[in-house]
J.: 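Could you have a look at this structure, given as structure tokens, before my questions?
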Amino acid sequence: MVEVLFKEFVSLCKKLEKTQSRKEKVRILTEFMSKIGPDNARIVALLISGKIFPEYEDLKLDVGLSTVYKVLKSLKSGQTLLLEKPSTLKEIYNSLRRIALIRGEGSRRKKEESLRSLLLSLSEDERECLLRAIFGEMRVGVNEGMILEALSYALRCNLEVVRRAYMFIGDIGELTSKAFTNGCEGLKNVTLELFRPVKPMLASMVYSVVEALKEHGGICAFEFKYDGVRIQVHKKNDKVRIFTRRLTDVTVNLPDIVDLVKNNIKASTVVLDGEVISLRNGKPLPFQELVKRIRRQKELPRLLREIPLIPKFFDILFLDGQVLVDLPYKERWSFLEENVDAEFLSERIITEDLKEAENFFKKSIESGHEGLMAKDLSSVYTPGIRGKKWLKIKTADTIDAVIVAAEWGHGRRRGWLSDYYLAVLDDFSGGFTIVGKTFKGLTDEEFKEMTKRLLQLKVREEGYRIFVKPSIVVEVAYSEIQKSPKYRSGLALRFARITRIRYDKSPYDVTTLSELKRRYEEQFLRKQRRSK
Ligand code: AMP
């Protein structure tokens, strides 16, 4: 088995940080990963992409900045333990895992002690690299797309094969390990498996039903866009598991949906994609209320009564032993219809008629939903991909952004971190890049909770501003996108306002810089059209 020293990983990071060219970065990564075996390559892919642990594990280190400072202060400068042999990448990674798994009484102290002995065993360079990994700021300029390219070179495997395998596996670490274990042939055979969730298919935004019809060749399926929580249900006979869009298993929080699926869906094996909502007096409950059902497990018995859920399924990915993702939408929907009662299906029409589509949009809004989803009738299901085959049409312009820094408020908001720096995903360099700032949109309750969460994520402090590990995702409405000399991204949101905290989304789900650029361009075109 190949042993990789942690210091070799540190050198790799330094090399990547110094290299500007994307192509050269991919080459360096390919060369490094090809030589180290599946398990080490898995760890490299996770750390380099700023993840540490696979998303679906929901495992967190839970060591804040203050703990790290305390530990660093207690180590005298230059103090390192003389080890018989230097630490390997695997040893360091396993130590991080052990720290994350410390829970319960006295866990803060135990984590601190473990971190202390871990840092003590490292050189200054290694320490810095590890701390960057802990705070999710590797600064090596590598994104997941580049790791996929590196795998494609290393295995001499078509990039599309690697991408498709990633869509089904959903975790960059596991994909990397599989790639180096089973080679290109192995990746070709990767497909959907029962009880292994896949990343859900995503949608791009358009501003009107006309645009959607045009994009899809004059006819599309329009479905209500529900403002709920995305679920993926896997069922085999009496066994049911439910996953969120971040692939976390939330079966225990949704016993009512489990029963409903068991009692109503006759197929022996099935995977369904849908949204859960809750209706009160016929109107959907706001998202903020709804997510309590998923987040507050202790209060479940009460919440089960107060917030009864109803699923609205809109896709079927697996049925009676067959993977359906490569069938066109139209055919998948007929299987869906055959297996799910109409009341649990997303409301929809298929039309080429503009008026009919516009009325359906109105109907969705009047019923309290978010708008429409337009789906291309011949499209296959592409997990994790935000393409044009699914288009969302909403009334307001919103993006999903991640908070990367915050400032202490004054006046009425004194004592709260209430001014937030909003960032999108820079899909070229792999980092997050700021596109705006806002203090608008949250309730006092939410400000308080946000302050608590942000302090736990603190990475560094500059006066009244703190920088945080990118983790909290918010949906942000804005009036316009402007060019900005102030932000490195070159763009800024005008009149940004938080419309809700997206507990269900990961920072890697946020809007990308190229999407924002596209919207900026389109905004001009729309204005021009209007002024004609
Ligand atoms: P967004 O989160 O704004 O990118 O919009 C996409 C999300 O809308 C999906 O991830 C689903 O959670 C949700 N959604 C609601 N209704 C539908 C539908 N009929 N089809 C697909 N997604 C839907």
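When reading the values below, keep in mind they use all heavy atoms of this one structure, side chains included, and skip hydrogens, waters and symmetry mates. Every number for a ligand or one of its atoms is a count from 1 in the order of the listing.
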J.: Can you tell if the side chain of Leu151 reaches within under 4.5 Å of the side chain of Tyr166, non-hydrogen atoms only?
T.: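 No, their side chains stay 4.5 Å or more apart.
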
J.: Considering only NZ, NE, NH1 and NH2 on the basic side and carboxylate oxygens on the acidic side, decide whether Arg518 and Glu515 come within less than 4.0 Å.
T.: yes

J.: For the pair Tyr381 and Asp326, evaluate side chain to side chain donor-acceptor pair (under 3.5 Å) and give the outcome as yes or no after the intermediate values.
T.: CA-CA 6 Å; Tyr381 190 94; Asp326 290 323; over 6 Å; no

J.: So Val325 and Thr382, side chain to side chain contact (heavy atoms under 4.5 Å, CB included) or not? Walk me through it.
T.: CA-CA 7 Å; Val325 291; Thr382 48; over 6 Å; no

J.: Take Phe224 and Phe360, measure what ring pair (Phe, Tyr, Trp, His ring centres under 6.0 Å) needs, and give me the verdict at the end.
T.: CA-CA 8 Å; Phe224 275 12; Phe360 194 58; 5.0 Å; yes

J.: Show the protein residues that qualify under the rule heavy atom under 4.0 Å from an atom of ligand 1, listing them in chain and number order.
T.: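 The answer is Glu223, Phe224, Lys225, Tyr226, Arg230, Arg245, Glu275, Phe314, Ser346, Met373, Lys375, Arg386, Trp390, Lys392, Lys394, Lys505, counting any residue whose heavy atom sits under 4.0 Å from ligand 1.
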
J.: Looking at Phe314, is Arg230 sitting on its ring face, NZ or CZ under 6.0 Å from the six-membered ring centre and within 45 degrees of the normal?
T.: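 Arg230 over Phe314 ring: no.
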
